[in-house]
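Working notes for the structure below.
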Amino acid sequence: MPRLPADIPPMWLTDATAATATTSIRRRRLPAEQAIWLVVALGLYRHQSASEVVDALDIALPAKDGAFVSKSAITQARQRVGAAPLKWLFTRSACEWANESKVQSTFKGLALFAMDGTTVRTADSHCNREHFGSQLSGSGRVGSYPQARAVTLSSIDTHIVRDAEIGPYGRNEMLTARQLVPRIPDRSITVFDKGFMSAQILWSLSASGASRHFIIPAKSNTRWQHIEGTSEDQLVLLKVSQPARRANPGMPEHWHARAIRTTDAKGRERILLTSLTDRQRFKPEDIASTYRRRWQVETSYLELKDTMLGAGLTLRSQTVDCVYQEFWGALIAYNLVRIAMSRIASSADVSPHRLSFVRSYHAMQLEFLRVASNGKRDYLPALIVRLATRIACLPHQARPGRTRPRVVKSRPFRYRFKKLRIERQARPPPTLQT
């Protein structure tokens with residue numbers, strides 16, 4: 001029987017196929033359970049082909065004649081499984097790993113999460129472009145590749161993706177976020193970017209569940225009515241718009257929040273809105289510090305899209321269902337690396353941010369290859385253990401701050417050079433002086 005990661009019990013794969021009615025009846029070399037593990041492995045070995053991953057990790061069931069699995073058989077196995085079992089496995093594993101008490105980040109007994117959105121590129125096939133769509137510019141230019149839009153809910157401290165949704169590029173992030181809000185765990189604080197400033201999201205989050213709170217920066221055009229407190233820390237009353245009430249008739253005309261005026265590292269003022277209205281328990285400086293930690297989650301997209309999936313075509317599948325399948329498999333693979341890093345940090349009594357994601361990711365790749373080569377079934381990755389021992393011997397000191405300010409790079413355009421070349425071509429040729 002081919003080996004699986006110790007953090008993904010075989011029972012989870014069986015339950016995933018049973019819950020989505022994708023259990024294999026015929027005996028194949030790549031039954032449903034092995035096809036699921038293959039999709040997860042493709043997230044770990046993005047720069048290798050599917051057939052190379054099958055052979056290197058010994059994923060396929062053995063054949064009597066020892067023949068390799070053909071590429072068409074691998075494609076057919078993925079198409080038979082579909083995306084539903086991978087989504088089920090992601091939800092099951094993410095809930096299990098994020099709820100581990102020894103790696104869960106908390107603030108005064110409340111779990112810390114951050115919600116943010118991103119886009120991922122897909123292969124330029126007809127079905128992908130028709131379903132997902134692509135970026136459009138004001139001049140009518142169409143993006144080179146189709147794109148999918150995703151919204152994730154991640155643990156701030158461990159970066160484990162707790163929940164996610166993905167859909168076409170043209171779908172607004174606010175609509176996707178509304179699907180995630182009911183699934184946010186109780187006794188938690190969710191930090192949002194100001195782009196998610198919506199009463200439908202924030203009021204629904206705090207009004208339902210048990211002790212579910214939010215922290216979000218106010219927009220420059222956000223208006224409210226002062227109730228009590230000072231200008232630095234006040235209780236305010238915000239009005240719910242008529243379109244929001246028509247969309248959700250159960251919403252009130254007004255909702256309460258706490259407005260805190262803070263200053264960032266560059267001296268710029270920012271007003272944070274939060275449902276943490278207990279001034280004795282939640283100090284303004286603590287709330288501001290919690291919001292600043294949201295930027296740590298921004299690096300998770302870089303780790304997933306650039307380090308793991310490569311800077312080229314983020315997702316390589318040619319069909320829509322396999323794009324969704326590959327997305328859920330990549331999130332499972334990312335969480336596999338992150339849960340290993342969190343456990344190492346817990347055993348070494350350091351923050352997970354002290355560990356290098358790139359080194360841990362490469363260690364995970366090498367360890368899976370080593371285990372597949374020596375044939376061990378149940379194992380604790382020895383290379384990860386050695387890495388944990390090495391980290392435990394390091395001095396526990398915080399990383400130094402940034403030496404350069406954070407900037408947003410502009411997208412390069414070549415119109416100036418193109419125009420210059422056209423002007424040069426239009427010039428008359430030089431004439432010889434006699």
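Every heavy atom of this structure was used, including side-chain atoms; hydrogens, water molecules and symmetry mates were not. Heads up: numbering here begins at 1 and tracks the sequence.
A distance below 6.0 Å separates the ring centres of Phe357 and Tyr334. Taking the six-membered ring for Trp and the full ring otherwise, the centers of Tyr324 and Phe132 sit less than 6.0 Å from each other.
A donor-acceptor contact shorter than 3.5 Å links the side chain of Ser360 to the backbone of Ser356. No side-chain donor-acceptor contact under 3.5 Å links Thr307 to the backbone of Leu304. Side-chain atoms of Arg29 never come within 3.5 Å of backbone atoms of Ala60 as a donor-acceptor pair (strictly under, hydrogens ignored). A donor-acceptor pair under 3.5 Å is formed between the side chain of Thr75 and the backbone N or O of Lys71. Of the possible donor and acceptor atoms, one in the side chain of Thr262 sits under 3.5 Å from a partner among the backbone N and O of Arg270. With hydrogens and angles ignored, the 3.5 Å screen pairs a side-chain donor or acceptor of Ser351 with a backbone N or O of His353. In this structure a side-chain-to-backbone donor-acceptor pair under 3.5 Å is present from Ser70 to Ala73. Of the possible polar contacts, none joining the Ser346 side chain to the Ser342 backbone as a donor-acceptor pair under 3.5 Å is found.
With Thr118 as reference, Lys305 is the one residue of Lys305, Arg149, Gln147, Glu173 to meet the side chain to side chain donor-acceptor pair (under 3.5 Å) rule.
Looking at Arg293 and Asp157, a side-chain N of the basic residue comes within less than 4.0 Å of a carboxylate O on the acidic one, giving a salt bridge. Under a 4.0 Å N-O distance rule, the pair Arg178/Glu165 does not qualify as a salt bridge. Classification of Arg258 and Asp233 as a salt-bridged pair holds, one side-chain N sitting under 4.0 Å from a carboxylate O.
Side-chain contact between Arg78 and Val39 is present, with heavy atoms from C-beta onward closer than 4.5 Å. The closest side-chain heavy-atom distance from Gln365 to His362 is below 4.5 Å. When side chains are defined from C-beta on, Ile156 does not count as touching Phe113, because their heavy atoms never get closer than 4.5 Å. No side-chain heavy atom of Pro146 sits under 4.5 Å from any side-chain heavy atom of Tyr169. Two residues are said to be in side-chain contact when any heavy atoms from C-beta on lie closer than 4.5 Å; Trp224 and Leu237 fail this criterion. Residues Leu202 and Trp255 form a side-chain contact, since some pair of their non-hydrogen atoms from C-beta on lies under 4.5 Å apart. At a threshold of 4.5 Å between non-hydrogen side-chain atoms, the residues Met308 and Arg46 do not count as touching. Side-chain contact between Ile332 and Ile8 is present, with at least one heavy-atom pair separated by less than 4.5 Å.
With hydrogens and angles left out, the side-chain atoms of Ser125 and Arg129 include no donor and acceptor closer than 3.5 Å. For the 3.5 Å distance criterion, the side chains of Ser317 and Glu326 qualify, holding a donor opposite an acceptor. Donor-acceptor pairing under 3.5 Å is lacking for the side chains of His159 and Gln296. In summary, the side chains of Thr158 and Ser155 do present a donor paired with an acceptor at a separation below 3.5 Å, with no hydrogens or angles considered.
Distance check, rounded to the nearest 0.5 Å: OG of Ser204 to CZ of Phe214 gives 11.0 Å. Atoms CZ and CH2, on Arg343 and Trp97 in that order, are 8.0 Å from each other to the nearest 0.5 Å. Rounding to the nearest 0.5 angstrom, the gap separating the CG atom in Leu336 from the CD1 atom in Ile160 is 10.0 Å. Here the straight-line distance linking atom CD of Gln76 with atom CD1 of Ile74 works out to 10.5 Å at 0.5 Å rounding. Residue Leu89 holds its CG atom at 11.5 Å from CD of Glu33, rounded to the nearest 0.5 Å. Expressed to the nearest 0.5 Å, how far OH of Tyr301 lies from CD of Glu298 amounts to 7.5 Å.
The local environment of NZ in Lys108 is crowded, with over 12 non-hydrogen atoms from other residues, nucleotides or ligands closer than 6.0 Å.
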